[in-house]
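Computed from a prediction, not measured in an experiment: that's the story for all the values here. Position 1 is the first residue of the sequence, and the numbers go up from there.
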Amino acid sequence: MQDLIGGRIDYWCPIASTAISAIESKQAKPIAILTRSRSPALPALASAHEQGLANFDAGAWNAFFLPKGTPAAIIQKLHRATVASMDAPAVQARLSELGATVVAAERRSPEYLKQFVASEIEKWTGPIKAAGVAGDGP
């Protein structure tokens with residue numbers, strides 16, 4: 001954000017919570033929210049989808065990943081604790097203040113996460129390869 005404000009870069013795509021103070025202080029001009037719907041933290045800012053980039057969604061997400069072979073009982077215990085935390089009103093209020101949205105209940109299972117990660121890999125493989133990005137991965 002400092003490089004954007006200082007004029008060293010022309011564009012940056014941060015998560016909403018990183019950009020809010022610079023936007024509110026008019027130090028940065030927002031162009032779009034890069035999720036399918038508007039952010040509760042920046043409700044006046046249209047999404048890229050609304051502005052014509054159909055079905056575009058490059059929202060940030062978080063997940064817990066455990067070592068392969070982790071016992072199912074441990075996975076379920078961590079899952080239950082995580083869901084309970086996500087459902088706590090104080091956590092939901094704080095996440096909303098930061099511009100984050102608590103994921104819908106039907107998208108919280110380990111099974112859903114496995115499918116979602118596979119779909120994210122599929123979605124971003126083409127653009128990454130087209131951009132010539134290389135990494136040290138497998």
Side-chain angles (χ1 to χ4, degrees):
M1 186 56 73
Q2 291 174 346
D3 285 337
L4 181 68
I5 293 168
R8 289 181 289 280
I9 60 174
D10 296 320
Y11 173 82
W12 186 40
C13 182
I15 59 173
S17 61
T18 302
I20 289 172
S21 64
I23 292 168
E24 289 175 346
S25 67
K26 307 267 190 259
Q27 292 179 301
K29 180 181 178 182
I31 297 169
I33 289 290
L34 298 182
T35 54
R36 190 145 160 73
S37 56
R38 294 181 184 217
S39 168
L42 297 166
L45 182 58
S47 71
H49 175 77
E50 290 175 285
Q51 295 183 49
L53 196 53
N55 300 315
F56 187 79
D57 188 352
W61 53 270
N62 297 286
F64 288 112
F65 292 90
L66 302 173
K68 188 174 185 175
T70 299
I74 292 174
I75 293 170
Q76 288 306 313
K77 185 174 183 176
L78 181 58
H79 177 253
R80 285 190 302 273
T82 301
V83 169
S85 295
M86 290 168 56
D87 287 340
V91 170
Q92 290 193 1
R94 181 65 178 136
L95 289 172
S96 181
E97 288 171 15
L98 295 172
T101 304
V102 176
V103 70
E106 64 272 8
R107 297 178 65 189
R108 296 181 184 178
S109 71
E111 297 77 22
Y112 180 86
L113 178 61
K114 183 177 180 181
Q115 173 272 323
F116 176 74
V117 169
S119 73
E120 286 288 280
I121 291 169
E122 181 180 340
K123 176 171 81 174
W124 294 110
T125 296
I128 289 169
K129 286 183 178 179
V133 176
D136 296 330

To the nearest 0.5 Å, atom OG of Ser37 lies from atom NE2 of His49 at 9.5 Å

Return the minimal non-hydrogen interatomic distance between Ala48 and Ala32, and the atom names on each side.
N-CB, 3.8 Å

Any idea which heavy atoms bring Gly59 and Thr35 closest together, and the distance?
CA-CG2, 3.5 Å

In short, Gln92 meets Asp87 closest at the heavy-atom pair NE2-CA, 3.6 Å

In terms of heavy-atom contacts, Tyr11 and Leu4 come closest through N-CD1, 3.9 Å

Given 3.5 Å as the limit, does a donor-acceptor pair link the side chain of Ser96 with the main chain of Ala93, or not?
no

Hey, any chance Val103 and Val91 share a hydrophobic cluster, counting ILVMFWY side chains that come within less than 4.5 Å of each other, even indirectly?
yes

Examine Ile33 and Ile23 and state if one hydrophobic cluster contains both, with Ile, Leu, Val, Met, Phe, Trp and Tyr joined whenever side-chain heavy atoms are less than 4.5 Å apart.
yes

Using the rule that Ile, Leu, Val, Met, Phe, Trp and Tyr join whenever any side-chain heavy atoms are under 4.5 Å apart, tell me whether Ile5 and Trp12 fall into a single cluster.
yes

State whether the number of non-hydrogen atoms from other residues, nucleotides or ligands found under 6.0 Å of Asp10 atom CG is greater than 12.
no

Side-chain heavy-atom pair Pro30, Leu42 within 4.5 angstrom cut-off
no

Can you tell me how far apart CD1 (Ile121) and CD1 (Ile128) are? Round to the nearest 0.5 Å.
9.5 Å

Ignoring hydrogens, what is the shortest heavy-atom contact between Pro40 and Ala100? Give both atom names and the distance.
CG-O, 4.5 Å

Would you compute the distance between atom NZ of Lys123 and atom CG of Asp57 and round it to the nearest 0.5 angstrom?
5.0 Å

Taking every non-hydrogen atom, the tightest pair across Met1 and Thr18
CE-O, 4.0 Å

N/O donor to acceptor pairs below 3.5 angstrom from side-chain atoms of residues 60-78, sequence neighbours left out:
unit_1: Trp61; atom_1: NE1; unit_2: Glu120; atom_2: OE1; d: 3.2
unit_1: Thr70; atom_1: OG1; unit_2: Pro67; atom_2: O; d: 2.5

Test side-chain contact (heavy atoms from CB on, under 4.5 Å) on Leu45 and Arg38; report intermediate values, then the result.
CA-CA 7 Å; Leu45 182 58; Arg38 294 181 184 217; over 6 Å; no

Does Val102 reach the side chain of Arg108, with side-chain heavy atoms less than 4.5 Å apart?
yes

